[in-house]
Amino acid sequence: MSPAPLPPRLRVIDSHTIGEPTRLVVDETFAAGLPLGPGSVRSRRDAFRAECDHLRRALVADPRGVEAMVGVVLLPPADPACQFGAFYFNRVGYLDMCGHATIGLAVSLGHLGRITPGRFRLETPAGVVGVEWHGGTSATFECVPPRRIRRDLAITLADGTTVPGDVATSGLWFFIARDHGLPLDTAAIPRLREKAWAIRRALEAAGVTGDGGETIDHVVLMGPPREPGHDARNFVLCPDGAFDRSPCGTATSALVGCLHEDGRLAEGTVWRQESILGGLYEATIRRAGGVLVPSVRGNAWITAETTLQFAADDPYRTGIG
């Protein structure tokens, strides 16, 4: 099968969720013209990866994208209980779920007049996610159930030091470390990034994976909050090497699952999670039919409504890298 052609232009809407950028493709004919076939959003995402990966690079890689940007493609859902389907990607690959981009998606759809304040269900590769747009810049998502498969796992780094942490998921896989020896301030970002990369390399060297063999491709370094009334601050290393400017919605979902399991967070109690830049998510957890449901609320702002151009003679029309 020939790769799907890159259109000469494509309409997108850009937003940032407390600093973390999202690019939503808003051309309604885009996904319909791709060779994705029928099936779930996950299966169509996999078809996109196999046949259309050059479109991912064109949308979010240099020279049109920015560091840490996540792209979102809307699809008709296969699940009849859902109103929308969506899948996510960044500069290096694909994400089964993305919390900040889901908040950005909701605010963008509201900005475009495609939804009104209220709830809707979103089919993602990770599963069905509940979303509520509160109007304006505010939205909440209910992530897929969190799971922790390793608690206080000690990982030995290449320099011989040991970092304990939890291996957990809520749509993406995380190593969540509280005792890592670094301050959580912006001046320490280069050292935090270096430490997180060292942890990720050590996890791979030790053969630590998700319970289905998935790479633990996000590393969360926790610390005390800066603001009174908040609960914690984090630094999150993403798969492309960028750090999450937001507190990372899926990481926060996995975290509150761990906290609840440890007896540190009761159902309905708000956990206020700061990012390394000081942005805030408010998270809770509840049980529904015996299943844990994490909920994360945050804010996103529209930054651009634009038409990307892909000239036929542009040597970087499908991105760099």
Side-chain angles (χ1 to χ4, degrees), residues 19-21 61-62 66-70 89-100 146-226 232-255 257-259 262 273-279 281 321:
E20 187 77 349
D62 291 341
V66 297
E67 186 182 56
M69 177 173 278
V70 168
F89 47 81
N90 61 19
R91 294 184 302 168
V92 298
Y94 296 82
L95 304 165
D96 285 350
M97 174 55 192
C98 184
H100 95 262
R147 290 185 294 116
R148 177 170 57 185
I149 63 170
R150 304 287 291 270
R151 186 177 187 274
D152 291 332
L153 173 67
I155 289 294
T156 302
L157 310 188
D159 65 3
T161 60
T162 299
V163 177
D166 295 347
V167 177
T169 184
S170 187
L172 301 172
W173 283 96
F174 299 93
F175 184 82
I176 304 172
R178 297 174 180 83
D179 184 14
H180 48 79
L182 291 176
L184 286 189
D185 56 50
T186 54
I189 285 175
R191 288 184 291 153
L192 289 162
R193 194 195 302 248
E194 182 180 357
K195 173 75 77 167
W197 266 120
I199 292 171
R200 180 169 171 184
R201 288 193 293 269
L203 289 165
E204 293 175 352
V208 178
T209 67
D211 49 14
E214 302 90 345
T215 300
I216 312 300
D217 56 5
H218 290 72
V219 176
V220 184
L221 305 180
M222 300 292 297
R226 292 294 181 85
R233 174 174 283 232
N234 68 19
F235 172 91
V236 182
L237 183 73
C238 300
D240 61 354
F243 71 91
D244 200 321
R245 278 69 169 162
S246 81
C248 189
T250 41
T252 301
S253 298
L255 173 67
C258 294
L259 292 168
D262 292 340
Q273 179 65 54
E274 297 175 1
S275 75
I276 186 64
L277 300 183
Y281 282 157

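- Judged by the 6.0 Å and 45° rule, Arg245 forms a cation-pi pair with Phe243.
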Could you walk me through whether Val70 and His100 pass the side chain to side chain contact (heavy atoms under 4.5 Å, CB included) check? CA-CA 9 Å; Val70 168; His100 95 262; 3.5 Å; yes
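- The CG atom of Leu182 sits 12.0 Å away from the CD1 atom of Ile189 when rounded to the nearest 0.5 Å.
- One finds no salt bridge joining Asp62 and Arg91 here, because no Lys/Arg side-chain nitrogen approaches an Asp/Glu carboxylate oxygen to under 4.0 Å.
- Under the 30°/60° scheme for interplanar angles, the aromatic rings of Phe89 and Tyr94 are found to stand perpendicular.
- The minimum heavy-atom distance linking Ala232 with Met222 is given by the pair CB-CE, 3.6 Å.
- Nearest heavy-atom pair, Gly241 versus Leu237, reported as atom, atom and distance to 0.1 Å: O-CD1, 3.6 Å.
- Between Pro239 and His218 there is a side-chain heavy-atom pair separated by less than 4.5 Å.
- By the 4.5 Å heavy-atom criterion applied to side chains, Phe174 and Asp217 are not counted as neighbours.
- Put simply, the side chain of Thr215 does not reach to within 4.5 Å of the side chain of Trp173, judged on heavy atoms.
- Partners of Asp96 according to the side-chain contact (heavy atoms from CB on, under 4.5 Å) rule, which considers only residues two or more places apart in sequence or in another chain, are Arg42, Arg45, Pro125, Ala126.
- Asn90 contributes atom CG, which lies 4.5 Å from atom CG of Asp240 (distance to the nearest 0.5 angstrom).
- Of all heavy-atom pairs between Asn234 and Ser246, the closest is OD1-O, 4.4 Å.
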In sequence, state the C-alpha distance, the side-chain angles, and the governing distance for Phe235 and Val220, and then conclude on side chain to side chain contact (heavy atoms under 4.5 Å, CB included). CA-CA 6 Å; Phe235 172 91; Val220 184; over 6 Å; no
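- For the residue pair Ala196 and Val219, the shortest heavy atom distance occurs at O-CG2, 3.7 Å.
- Pairs engaging residues 176-198 under the side chain to side chain donor-acceptor pair (under 3.5 Å) rule: none recorded [sequence neighbours left out].
- In this structure the side chain of Thr209 never reaches within 4.5 angstrom of the side chain of Glu214, judged on heavy atoms.
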Could you go step by step and tell me if Thr162 and Ile155 meet the side chain to side chain contact (heavy atoms under 4.5 Å, CB included) rule? CA-CA 5 Å; Thr162 299; Ile155 289 294; 5.9 Å; no
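- The shortest distance between side-chain heavy atoms of Pro146 and Thr169 does not fall below 4.5 Å.
- Taking the side chain as every heavy atom from C-beta outward, Arg148 and Val167 never approach each other to under 4.5 Å.
- Minimum heavy-atom separation, Asp244 to Ile276: O-CG2, 4.1 Å.
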For the pair Thr161 and Asp159, evaluate side-chain hydrogen bond (donor to acceptor under 3.5 Å, both in side chains) and give the outcome as yes or no after the intermediate values. CA-CA 6 Å; Thr161 60; Asp159 65 3; 2.6 Å; yes
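- No side-chain donor-acceptor contact under 3.5 Å links Thr156 to the backbone of Gly160.
- In this structure a side-chain-to-backbone donor-acceptor pair under 3.5 Å is present from Glu274 to Arg226.
- Smallest separation of non-hydrogen atoms from Tyr281 and Gly249: CE1-N, 3.3 Å.
- Within the 4.5 Å cutoff, the side chain of Asp166 has heavy atoms near those of the Asp152 side chain.
- Put simply, CE on Met97 and OG on Ser253 are 7.0 Å apart, with the number rounded to the nearest 0.5 Å.
- Side chains of Cys248 and Thr250 form a contact here, defined as non-hydrogen atoms less than 4.5 Å apart.
- Residue Arg200 holds its CZ atom at 14.5 Å from CG of Leu157, rounded to the nearest 0.5 Å.
- Annotation: the span from Gln273 atom CD to Thr252 atom OG1 amounts to 5.0 Å, rounded to 0.5 Å.
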